[in-house]
Q: 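My questions will all concern the structure given below.
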Amino acid sequence: MGEKKRQFISTAIDYVNSNPHLGHALEKVQADVITRYFYLSGKTTFFLSGTDENSLKNVRAAQKEGISAKKLVDRNSKKFYKLKEILNLSYDDFIRTTEIRHIKGAQKLWLACQKDIYKKKYKGLYCVGCEAFLKESELVDGLCPEHQTKPELIEEENYFFKLSKYQTDLKKIIKEDKIKIIPETRKNEVLSFIKQGLEDICISRSAERAHNWGIDVPDDPSQKIWVWFDALSNYITALGYAENTKKFQEFWQENEQKLHIIGKGVLRFHSIYWPAFLLSANLPLPKTIFVHGYITSGGQKMSKSLGNVIDPFELVKKYGTDAVRYFLLREIPPTEDGDFTEEKFQQRYNGDLASGLGNLVARVLTLAQNSEFKSQKSKIQIKIQKEIDKTWKDYKIALENFKFNEALSSIWQLISFCDRYIEKERPWESKNQKSKIKNQKVIYNLLIALANIAQMLQPFLPKTSEKIFKQLGIKPIKDLRFKIQDLRFKIKKEKPLFPRI
């Protein structure tokens, strides 16, 4: 991820034709962990999320309900914004593509790309779900492979962008990792697509077909800017591209470390179209594109169109924010598809959170209270320090490579080590004064381990981390660079972190 002090992190912005589902939550939580990790590592971060409101699918969803497109996007964008609270997200800005700052920025980008834009008549197959034209060769049994719907045949005069002009440049940029695509399989997928030959793309639609919804093409109100040209520009419009603000200069123009976290279904738009628009406008490129898979339900992609979605609001209400965050980060492979079932969720909850982390915290604090532990600085045993140091090393390597599940696995290995350490040392047995002194040292070592665990958990389970620090009687250590070696503890045992279900 680099050692630069400034970091820009963004999620893809979401269509608001329906309610948020667990797939949306996955991307937001992944981005939040990376943002918190950057911040706790001493870097200045800017975390951006938002909603994509100018699509045709939003118009059709509104028509189906018998309300205006504006009423629908105003209502549904609020639901997506509420994910911030229920998932404890730390983003700095939430951009709506119906905002004036975005409209002005998208039109400015259009004008900056003017030399590569021309108008022509066109006939093609349009998938409203993808908001893109598809080739017949891309269809499976005549259907869009992503949305399993039949594209519409569209014929009209629109504006086109000279994507073909940037084929050689884009191939070099991706091949040489000037834009690093993670994982490697997605990089190869992009290179394969480029190798097939890039064709110029349609970047507008008639105002009539758009039902007069969307952003006007500059100097041509008969046309609306294609929703993807409009949507992709959010990464710079939110920073103040339209006004060329200081924030835009600091986080985009002068900052190399720019990270997009996206789903595999929008890879082409972010790794080919977006860089091409930036090259045309003579703007800096993103540094990294991290591509996650889908959450499946019964083996199928979780999507609104398929009707198999899991409501994150209900899940959080039932199990709590950190439990949901934990499942998404531990159970779902970072770059692959992962299946959700309530049974799997409960297994992770009871096995890892209740019986694992929660049990260790309760066990150690009980030992401290029962032994009337007196906090005093003591030398940490070498084997404990080695295990803690190993955990930190594995944890940081995993996070630097977006392997959220492996970073959590390293923490839980430390938890298991502590359980074994307790069983071996048996600090509840006090036969004489010597054994009491030894037990005090064992408990101190365990408390130091818990403090390190709480420190590591901050990007993943921030509320749980705070609770552990509180029960240890110490202030949260909000710097991952700070090495915990000696602390004074004041035990305040409270309710179980994760009651069994």
Q: Is there a donor in the side chain of D339 and an acceptor in the side chain of T296, or the other way round, less than 3.5 Å apart?
A: yes

Q: Step through it carefully: locate the ring centre of H260, locate the ring centre of F290, and say whether they are under 6.0 Å apart.
A: no

Q: Could you tell me whether the side chain of F345 reaches within less than 4.5 Å of the side chain of I501, counting heavy atoms only?
A: no

Q: Partners of K483 by side chain to side chain contact (heavy atoms under 4.5 Å, CB included), sequence neighbours excluded?
A: Q385, D389, Q485

Q: Any ring-ring contact (aromatic ring centres under 6.0 Å, His included) pairs touching residues 409-437, not counting sequence neighbours?
A: Y326-W412

Q: Go through the structure and list residues passing side-chain hydrogen bond (donor to acceptor under 3.5 Å, both in side chains) with W392, not counting sequence neighbours.
A: N452

Q: Who passes side-chain hydrogen bond (donor to acceptor under 3.5 Å, both in side chains) against N234, sequence neighbours left out?
A: none

Q: Taking all atoms of both residues into account, what is the closest heavy-atom pair of N58 and N17, and its distance?
A: OD1-N, 3.0 Å

Q: Side chains of residues 311-318: which donor-acceptor partners sit under 3.5 Å, not counting sequence neighbours?
A:
unit_1, atom_1, unit_2, atom_2, d
D311, OD1, F313, N, 2.8
K318, NZ, E342, OE2, 2.8

Q: Can you sort out the partners of K247 under side chain to side chain contact (heavy atoms under 4.5 Å, CB included), two or more places apart, ordered by chain and number?
A: F46, L239, T245, F251

Q: Any ion pair linking E243 and K104 (charged N to carboxylate O, less than 4.0 Å)?
A: no

Q: Could you tell me whether the side chains of T45 and Q7 share a donor-acceptor contact shorter than 3.5 Å?
A: no

Q: Please tabulate, for side-chain N and O atoms in residues 490-500, each donor-acceptor pair with protein atoms closer than 3.5 Å (sequence neighbours left out).
A:
unit_1, atom_1, unit_2, atom_2, d
K493, NZ, T366, OG1, 2.5
R500, NH1, S355, OG, 2.6

Q: Among residues at least two apart in sequence or on other chains, which ones pass side-chain hydrogen bond (donor to acceptor under 3.5 Å, both in side chains) with Q347?
A: none

Q: With sequence neighbours left out, what residues match F8 under ring pair (Phe, Tyr, Trp, His ring centres under 6.0 Å)?
A: W252

Q: Are Q30 and H292 close enough, and set up right, to give a side chain to side chain donor-acceptor pair (under 3.5 Å), and what steps lead you there?
A: CA-CA 9 Å; Q30 286 180 337; H292 64 79; 4.5 Å; no

Q: Tell me which donor-acceptor pairs under 3.5 Å the side chains of residues 475-482 have, and how far apart each pair is, sequence neighbours excluded?
A:
unit_1, atom_1, unit_2, atom_2, d
D479, OD1, R481, N, 2.9
D479, OD1, R481, NE, 3.0
D479, OD2, R481, NH2, 3.2

Q: With sequence neighbours left out, write down each residue that passes side chain to side chain contact (heavy atoms under 4.5 Å, CB included) with A106, or none if nothing qualifies.
A: H102, I215, S233

Q: Not counting sequence neighbours, which residues clear side-chain hydrogen bond (donor to acceptor under 3.5 Å, both in side chains) with T464? List them please.
A: D322

Q: Check whether the ring centres of F229 and F277 lie less than 6.0 Å apart, and answer yes or no.
A: yes

Q: Can you see which heavy atom on L89 is nearest to which on R36, and at what distance?
A: C-NH2, 4.4 Å

